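Following: one structure in structure tokens, then a few remarks.
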Amino acid sequence: MSNYPIFEPTDPSGLTRKSFVSNQEVRWCPGCGDYAVLASVQKVLPELGIPQEDFVFISGIGCSSRFPYYMETFGMHSIHGRAPAIASGTKAFRPNLNVWVMTGDGDGLSIGGNHLIHAIRRNIGLKIILFNNRIYGLTKGQYSPTSEMGKKSKSSPMGTVDYPFNPISVALGTGGTFVARTMDANPKHMQEVLKAAALHEGTAFVEVLQNCVIFNDGAFTDVTSRQSRGENTLDLVDGKPLLFGNKNEKGIILDKKMRPQVVKVDEVGLENILVHDADNEAMAFMLSHMTIPNHPVPMGVFRSVARPSYEQLLEDQINTAKAKKPNASVQSLLESGYTWRVE
Amino acid sequence: MSNYPIFEPTDPSGLTRKSFVSNQEVRWCPGCGDYAVLASVQKVLPELGIPQEDFVFISGIGCSSRFPYYMETFGMHSIHGRAPAIASGTKAFRPNLNVWVMTGDGDGLSIGGNHLIHAIRRNIGLKIILFNNRIYGLTKGQYSPTSEMGKKSKSSPMGTVDYPFNPISVALGTGGTFVARTMDANPKHMQEVLKAAALHEGTAFVEVLQNCVIFNDGAFTDVTSRQSRGENTLDLVDGKPLLFGNKNEKGIILDKKMRPQVVKVDEVGLENILVHDADNEAMAFMLSHMTIPNHPVPMGVFRSVARPSYEQLLEDQINTAKAKKPNASVQSLLESGYTWRVE
Amino acid sequence: MSEVAKAPQTLESVTIRFAGDSGDGMQLTGTQFTETSAVMGNDLSTFPDFPSEIRAPAGTLAGVSGFQLQFSSQEVHTHGDAPDVLVAMNPAALKVAVGDLKENGIIIVDRDAFTDKNMNLAGYESDPFSDGSLAAYRVFDIEITKLTLNAIQELGLPQKQAVRCKNFFALGTVYWLFSRELQYTESWIESKFGAKTPSLAKANKLALNAGYNYGLNTHIFPNNYVIAQAPVEKGLYRKVTGNEAVGLGAVTAAELAGVELFLGSYPITPASEILHFLSHQRHLGVKTFQAEDEIAGICSAIGASYAGAAALTTTSGPGLALKTEAMGLATILEIPLVIVNVQRGGPSTGLPTKTEQSDLFQSLFARNGDSPMPVLAATSPGDCFWATIEAFRVALRYMTPVVLLTDGYLAQGSAPWKVPQISELEKIPVEFATDPEGFQPYARNEDLSRPWAIPGTPGMMHRVGGLEKQNITGHVSHDPANHQVMSDLRAEKIRKVQDMIPATEVYGDADAKLAVVGWGGSFGAIRGAVDHLRAQGVKLAHIHPRFLNPLPKDLGEILAGFDRILLPELNMGQLAYVLRANYGIEVARYNKLEGKPFKEAEIVTAIRAQLEEMG
Amino acid sequence: MSEVAKAPQTLESVTIRFAGDSGDGMQLTGTQFTETSAVMGNDLSTFPDFPSEIRAPAGTLAGVSGFQLQFSSQEVHTHGDAPDVLVAMNPAALKVAVGDLKENGIIIVDRDAFTDKNMNLAGYESDPFSDGSLAAYRVFDIEITKLTLNAIQELGLPQKQAVRCKNFFALGTVYWLFSRELQYTESWIESKFGAKTPSLAKANKLALNAGYNYGLNTHIFPNNYVIAQAPVEKGLYRKVTGNEAVGLGAVTAAELAGVELFLGSYPITPASEILHFLSHQRHLGVKTFQAEDEIAGICSAIGASYAGAAALTTTSGPGLALKTEAMGLATILEIPLVIVNVQRGGPSTGLPTKTEQSDLFQSLFARNGDSPMPVLAATSPGDCFWATIEAFRVALRYMTPVVLLTDGYLAQGSAPWKVPQISELEKIPVEFATDPEGFQPYARNEDLSRPWAIPGTPGMMHRVGGLEKQNITGHVSHDPANHQVMSDLRAEKIRKVQDMIPATEVYGDADAKLAVVGWGGSFGAIRGAVDHLRAQGVKLAHIHPRFLNPLPKDLGEILAGFDRILLPELNMGQLAYVLRANYGIEVARYNKLEGKPFKEAEIVTAIRAQLEEMG
Ligand SMILES: Cc1ncc(C[n+]2csc(CCOP(=O)(O)OP(=O)(O)O)c2C)c(N)n1
Ligand SMILES: Cc1ncc(C[n+]2csc(CCOP(=O)(O)OP(=O)(O)O)c2C)c(N)n1
Ligand code: SF4
Ligand code: SF4
Ligand SMILES: [Mg+2]
Ligand SMILES: [Mg+2]
């Protein structure tokens with residue numbers, strides 16, 4: 001006998017961006033890149049055809065982790081670094097929920113690194129959005145595991161001696177089935193990526209290049225500003241050649257040593273430009289290491305492959321087990337094993 | 001005034017394998033692959049020209065983590081998963097020590113995953129040896145994060161629904177500057193790899209395919225047995241073509257889609273075989289995904305690049321700071337900041 | 001030794017230890033003896049004693065594996081202090097175990113295993129059979145290996161396999177010695193080997209019978225024994241270990257609550273078997289999640305609880321240490337969660353395979369901030385079932401994390417357990433909040449417990465978190481007065497759990513001057529000791545609270561009624577500290593930290609010492 | 001308001017609060033006032049009160065940043081209960097702070113900031129200046145913004161920059177009000193802005209002087225005040241916050257011990273500044289390691305300690321929760337390590353920027369197994385220096401991890417601190433083991449402390465670990481008797497720390513009937529309250545143990561000598577519990593959980609209530 005409430009799910013067709021705005025005052029610094037992510041998520045959710053009550057946003061601690069308060073969904077602002085682990089429990093227990101993990105470069109990659117990579121490894125159906133501002137915002141400006149080598153910060157007055165993580169490489173190295181990058185400054189791009197992430201079965205990992213105006217202002221300006229974006233970024237499209245430049249006049253080829261080279265398309269011919277294959281982890285990995293000034297910074301979906309999710313496999317296993325023992329009951333379990341009757 | 005003892009380091013030239021054998025009875029199951037690692041390490045250390053007292057072995061918990069007890073070196077059998085973090089403190093504090101981390105697939109990649117990837121990210125000079133037996137040995141047979149999908153174990157009677165980590169890919173994805181794989185069954189190969197690891201500046205990560213005779217016997221037989229080794233493995237040599245087969249008659253080329261293909265060398269010509277480049281992370285990543293039956297399993301050094309180590313950069317920073325303030329003293333620090341004198 | 005056999009002698013209780021090398025099958029032998037005795041109607045209690053090493057070299061002291069049980073025609077509380085009978089399959093086993101044996105106890109050894117090599121490995125410098133060191137015992141050295149091989153010769157099994165049958169020979173001999181029926185073990189052998197390896201089935205049965213007949217025919221034992229049925233309640237029985245019972249209890253609790261069970265856990269000795277057990281229950285819809293570490297273990301359980309699960313996480317000491325931050329989160333979230341901690345020897349990695357009661361402090365106090373949490377302890381393997389249900393009852397009624405303490409001794413020990421009828425058990429009321437009208441996440445009912453509104457429920461969207469929250473609305477609040485209100489509410493809610501604690505049972509003589517107080521797994525030893533002394537006319541009481549936080553309302557007054565309290569604990573005095581902090585009373589502490597459970601005799605001695613002091 | 005100015009009136013103590021929007025520079029203003037007053041010879045104590053939000057929207061209540069100080073011609077213990085003067089730069093600041101102000105207190109506001117928009121943001125429904133709500137205070141509304149802009153008009157600064165100077169105008173006015181000299185702030189402005197942005201330097205100085213002159217010339221204040229020099233010891237002084245003092249103490253301890261300092265830490269409010277501070281000391285050879293999490297923070301410190309460092313890890317409540325497993329490792333390894341826990345409001349994430357004393361339980365008890373550890377607490381910002389040295393002294397002498405408790409109030413508050421001469425401080429003896437002859441890793445000296453034999457020392461190779469170890473040799477041991485021996489030794493060693501605890505100071509009247517007992521950061525408020533009442537002739541004692549584990553040998557007896565003990569704590573009664581558990585005494589508890597330090601007046605009231613009850 002189950003005590004769970006039974007409901008007709010609500011109709012998602014009437015949902016709008018506003019449906020997802022909670023009654024809590026948004027409290028990020030004016031100009032913070034987090035606003036853009038919030039707006040984009042609120043834009044994308046109504047387009048997914050999912051009842052509002054089925055969304056769950058789970059975060060850790062950090063500026064970015066205040067995200068759930070601002071969403072009119074179920075939400076938990078948990079403890080530092082643990083959101084992927086908590087969300088894994090939620091998703092494994094109730095696969096029909098649409099569970100998002102909102103995390104920062106510190107929350108997700110420093111203290112929470114292990115849970116993040118294990119969630120990715122398991123391919124559990126979480127949408128993990130990592131706000132990468134390359135700094136600890138909430139604790140007022142220490143360097144993070146994505147801060148560039150030599151960065152001066154409150155805790156590294158002479159500059160860091162730490163090499164940074166490349167979040168995309170980390171996600172690929174740990175088995176990510178959906179790995180993408182977008183930026184706060186380009187809402188349209190972000191919404192496309194978020195939508196693709198939302199529709200992916202299994203773990204979707206999205207790095208958002210996010211500006212912290214207070215403690216790390218301009219960290220991504222070269223990449224995100226409208227002026228340099230065309231030259232400095234490359235939009236990844238599965239099955240399409242790797243082209244970039246304001247007029248798509250440049251492209252990427254692979255040299256004999258398996259290294260990416262920037263070429264002019266009209267010099268080498270479009271047919272020789274490497275074609276993006278979202279199902280090739282080595283290509284994705286190579287792309288994840290491209291960065292300015294030698295290469296453009298790829299944006300979009302590095303990898304996307306279909307694999308059964310953890311929760312699906314678990315559900316299947318349970319169904320199989322139930323089918324095999326259709327008459328099983330807790331009473332019969334209690335009475336199993338070595339039993340005897342005292343008369 | 002320092003209280004540290006000052007010594008002439010002892011002369012390493014007389015060291016032998018026996019010098020490194022402690023007085024503790026070795027207590028692995030008969031036939032366990034761990035013995036081979038122990039023997040190889042004891043073989044390699046005397047060849048490094050390092051005074052015996054400068055070696056430190058730090059481990060977590062697991063069968064493999066009992067390693068330090070058997071070594072006549074300084075050693076700590078710490079707590080589960082934390083060896084890389086402890087060893088990082090040891091190494092950062094005393095860069096001249098030669099610090100080894102001995103860990104298992106559970107210790108290093110499950111509970112200790114975060115410390116492992118951060119050690120690798122920092123390129124701190126630890127030699128991390130991961131005994132991968134794809135099982136939790138010490139706790140008697142639960143699946144580990146490297147257990148193959150569907151594995152039946154004590155905690156997965158119907159088979160796992162977890163995708164495994166590929167330890168080499170993880171190390172590459174998190175920025176490993178030295179990433180290698182060897183096996184318990186081939187001591188010569190292991191000794192070469194261990195030696196190269198020992199001489200690497202920065203983090204050296206070595207995966208050892210290790211047989212657990214009790215809980216996961218034969219997990220790597222296809223790869224490690226003398227019969228199949230030639231056909232099923234490929235020895236990586238920097239700057240040399242990727243050849244394998246009992247007569248080196250097969251090789252690897254890259255197709256247009258950037259995927260590795262097995263070819264017969266005499267059909268395509270030696271010059272067209274892909275040449276291993278230990279400085280190319282994308283190639284290393286591609287290699288890390290090759291596995292039987294479609295490809296041979298690469299063994300040896302996937303990646304090796306020179307980068308200043310964390311401890312070196314830290315030491316440099318300290319020296320720079322000292323040079324800038326040659327007269328600094330603790331007393332002057334106490335007297336710094338906003339001061340006034342009451343007469 | 002060829003005396004004439006006499007009629008079987010009747011005994012009340014017997015303690016046997018089977019000991020041998022890890023490869024000798026002693027756990028199986030012990031289990032067979034246990035099950036046969038159970039079916040024959042004895043009460044009993046068992047304790048396996050594994051080597052703590054991975055797989056120590058054969059023949060060494062570190063490699064000895066033991067299994068001890070006490071079986072009786074009376075109620076049994078422990079696996080027995082000192083064996084009456086020791087079956088030692090090799091010199092190392094003899095060496096390790098002989099010290100525990102009762103004076104004049106019976107030793108049965110496999111003479112064939114006492115080779116020079118094995119004697120050496122065990123560190124025997126002289127032959128124990130001739131050097132007089134076993135003079136205090138009745139030694140029966142039997143060529144078990146040889147006799148086994150003879151008995152099954154006809155089957156032509158390979159030597160290695162044939163030798164493995166020797167434990168059944170030994171078992172057979174002991175079966176004769178205690179007049180056990182062979183049929184249970186025979187049918188077990190049949191079901192285990194019959195289908196796949198009929199020759200092994202045959203061999204083991206032959207060995208068993210050969211051992212039995214050896215006892216019957218050779219008359220090397222002066223007589224054999226019978227142990228009558230114990231006066232146990234009628235009904236269906238099974239054997240459970242504490243770890244199994246926790247698993248059964250969790251499944252049952254979820255059933256009683258009408259919700260689904262979720263376990264998030266990371267393997268650790270001696271708690272792993274709960275994970276193993278529950279991962280076998282997929283057909284009942286149980287979801288188990290083997291997490292990457294203990295933090296993820298509890299966090300996944302929090303995530304599942306948040307989504308409506310009867311959520312459980314299981315661990316042992318060092319693992320609990322890792323969970324404490326998340327336990328704080330569960331406290332402030334006010335969601336139901338059961339945290340089972342199977343205590344082992346500490347500090348740090350300590351003595352992983354040994355038992356202890358030293359995590360009481362950790363369970364009560366190991367959270368940042370004021371973060372009160374109910375703590376319960378189980379008293380026997382079978383009681384682990386009831387304690388687990390009780391823990392869920394508290395968690396679900398008060399919307400709170402709850403710690404349930406068991407220990408290595410309970411977890412691995414086993415005892416007969418009467419299977420209850422679920423239909424007769426009290427349901428655990430659970431009500432999910434579904435009405436958006438006026439819904440407030442931190443409004444409270446009369447238990448001060450807040451509503452459980454789970455994701456997926458239309459119109460109930462709300463946010464929770466680890467920051468202090470405004471009373472009733474649950475919004476983030478930094479208001480000073482509100483923090484006081486919420487802190488008081490959280491404390492008061494846990495205090496209210498006292499409402500469901502039944503009156504404390506004072507066992508024995510309510511008018512005794514001395515009460516023995518204990519908690520958790522020392523129940524058996526204390527109860528046995530108290531019974532033993534009361535049978536001799538000593539007035540004594542035994543009090544064993546299940547709830548360690550909150551303590552029962554009546555406990556202070558009850559304790560104050562005695563002249564003296566003796567408190568045996570397998571730690572440095574943790575409950576004694578708690579009782580003094582709560583009631584200001586000083587108790588006589590009896591602390592032992594040897595990685596082993598109390599013996600009845602130790603408690604008896606401690607009680608006697610108190611009585612003497614009291615005059 | 002144009003009365004005739006009178007001669008400055010002399011006051012003993014004044015408490016001022018500067019409050020404004022986060023962008024208004026209130027921390028800086030407060031700091032300047034503090035430093036000037038310090039140099040002028042007042043004793044003082046400060047407390048900044050940041051908004052806990054990231055950067056709350058300008059003008060909102062959540063965005064108010066405050067800085068309060070008390071300065072005096074007498075010894076000062078706290079930052080003052082209730083301000084005499086409130087400087088409020090906007091409506092939100094007024095709204096948040098006015099409730100704390102003393103009756104008849106002075107309010108200085110920037111009239112220009114009281115726009116409709118700002119009033120709205122602050123939630124004022126009517127004009128506080130006219131609706132009578134400020135009737136209890138002396139309000140001076142000055143058009144600070146306009147006057148500032150006028151004063152620096154000549155410089156032609158952009159409007160945005162010019163407006164930013166208004167805090168200096170306000171400061172100037174207050175300087176006049178309390179007869180402060182301008183020169184210190186002027187030279188600070190010069191050194192801060194002079195070189196890079198001379199126009200800003202000029203503007204700020206102009207604003208400062210304009211504010212001063214405004215007070216001097218307009219006579220809007222009936223008179224101004226002087227506060228004489230406090231009778232402080234001669235010597236060099238500086239201002240320290242508690243977090244700085246911990247950093248300074250750690251560096252000094254390492255120097256006194258002749259070893260190098262290593263900090264492994266992960267940022268967390270309110271402890272991060274210790275990490276910041278020490279990462280600036282590279283030139284002294286200090287190594288800081290910003291770890292990936294708190295576990296790695298303590299583990300790296302353990303690794304460094306193992307290699308011979310004076311090792312430190314710093315954190316706050318939730319971070320300590322994560323360190324407890326490793327604290328157990330350090331306990332069994334018996335290596336020196338100082339764990340600084342800057343307490344904040346709990347449970348869980350709780351109130352991260354607020355102060356509390358609720359981690360005493362966690363510090364004492366949060367380890368698996370019996371794992372005793374010394375725990376100390378600091379009493380004031382400056383005392384954090386001495387307490388840190390003491391913690392290292394214990395750690396290094398007894399080869400043990402030690403917890404040092406401070407709190408958000410001490411960590412962020414500041415006070416003048418007399419700079420000691422390191423050459424006059426007692427050295428911390430450290431001796432590394434270097435002689436392989438007969439070396440045994442777990443042999444012990446008369447303190448029961450084991451040798452420190454660090455890697456790199458020829459011939460001293462040995463292995464340590466978290467499993468129980470054999471006495472003396474340190475080899476892994478599962479021997480039951482040995483576990484008892486080692487458990488006893490670990491406990492006894494920590495008990496022996498009592499040997500270095502000086503006799504407990506009983507401040508005040510040893511023959512009083514009531515003693516107020518406190519610990520840690522409540523020292524100032526208690527001492528102030530006790531002084532206050534004693535000045536009125538009330539007999540009172542104040543006892544404030546530094547060591548919370550082990551408790552001082554003499555404490556029990558001393559406490560027993562009083563009729564009643566009052567124990568104020570910023571928690572639900574943790575030390576009260578500990579005292580009762582140790583001495584069986586019941587104390588009168590005064591607990592507050594509001595995220596704020598005690599006020600003297602609160603303690604005074606609590607004492608009075610006790611005295612009344614006692615009759
Ligand atoms: C256990 C624990 N450790 C440390 C902290 C302090 N802390 C809170 S957020 C944070 C880092 C935030 O950085 P990031 O995740 O990058 O988020 P951002 O603020 O930059 O969005 C830290 C260190 C904490 N709250 N809990
Ligand atoms: C905190 C903690 N959690 C869990 C354990 C139990 N435990 C010990 S070793 C181990 C896994 C060992 O697996 P692996 O690292 O692969 O080593 P192996 O035994 O296979 O060599 C576990 C789960 C522990 N000792 N401490
Ligand atoms: S501190 Fe940085 S990341 Fe945080 S809210 Fe402000 S701008 Fe955003
Ligand atoms: S259990 Fe497996 S890994 Fe452990 S010692 Fe035995 S064979 Fe080796
Ligand atoms: Mg960040
Ligand atoms: Mg393993």
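Naming convention: chains lettered A, B, ... in sequence-line order (proteins, then strands); numbering from 1 in each chain. Please read these numbers as outputs of a predicted model, since none were measured by experiment.
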So does A:E311 pair up with C:K287, basic N to acidic O under 4.0 Å? no

Measure C:A38 against the heavy atoms of chain A and call it side chain, backbone, both or neither at under 4.5 Å. both

Pick one of side chain, backbone, both or neither for C:P416, based on which atoms fall under 4.5 Å of a heavy atom in chain A. both

Should we count CD of A:E8 as having more than 12 external heavy atoms under 6.0 Å? no

Determine the option with the most heavy-atom pairs under 4.5 angstrom with chain C, choosing from A:A85, A:P68, A:G75. A:G75

Under a 4.5 Å heavy-atom cut-off, does chain A meet the side chain of C:Y306, its backbone, both or neither? side chain

For C:H462 and A:F74, take the angle between the two ring planes, folded into 0 to 90°, and tell me which bin it lands in: parallel under 30, tilted 30 to 60, perpendicular over 60. perpendicular

Under the side-chain contact (heavy atoms from CB on, under 4.5 Å) rule, what do A:L314 and C:R282 come out as? Steps first, then yes or no, please. CA-CA 9 Å; A:L314 179 58; C:R282 293 269 194 270; 3.6 Å; yes

Would you confirm whether A:E335, through its side chain, and C:V419, through its main-chain N or O, come within 3.5 Å as a donor-acceptor pair? no

Do other residues, nucleotides or ligands put more than 12 heavy atoms under 6.0 Å from C:K418 NZ? yes

Proximity breakdown for C:T288 and chain A, heavy-atom pairs closer than 4.5 Å: backbone

Region of C:E431 in contact with chain A, defined by heavy-atom distances below 4.5 Å: neither

In terms of heavy-atom pairs under 4.5 Å with chain A, which of C:P420, C:G41, C:A311 leads? C:P420

Can you label the angle between the A:Y310 ring and the C:F289 ring as parallel, tilted or perpendicular, going by 30° and 60°? perpendicular

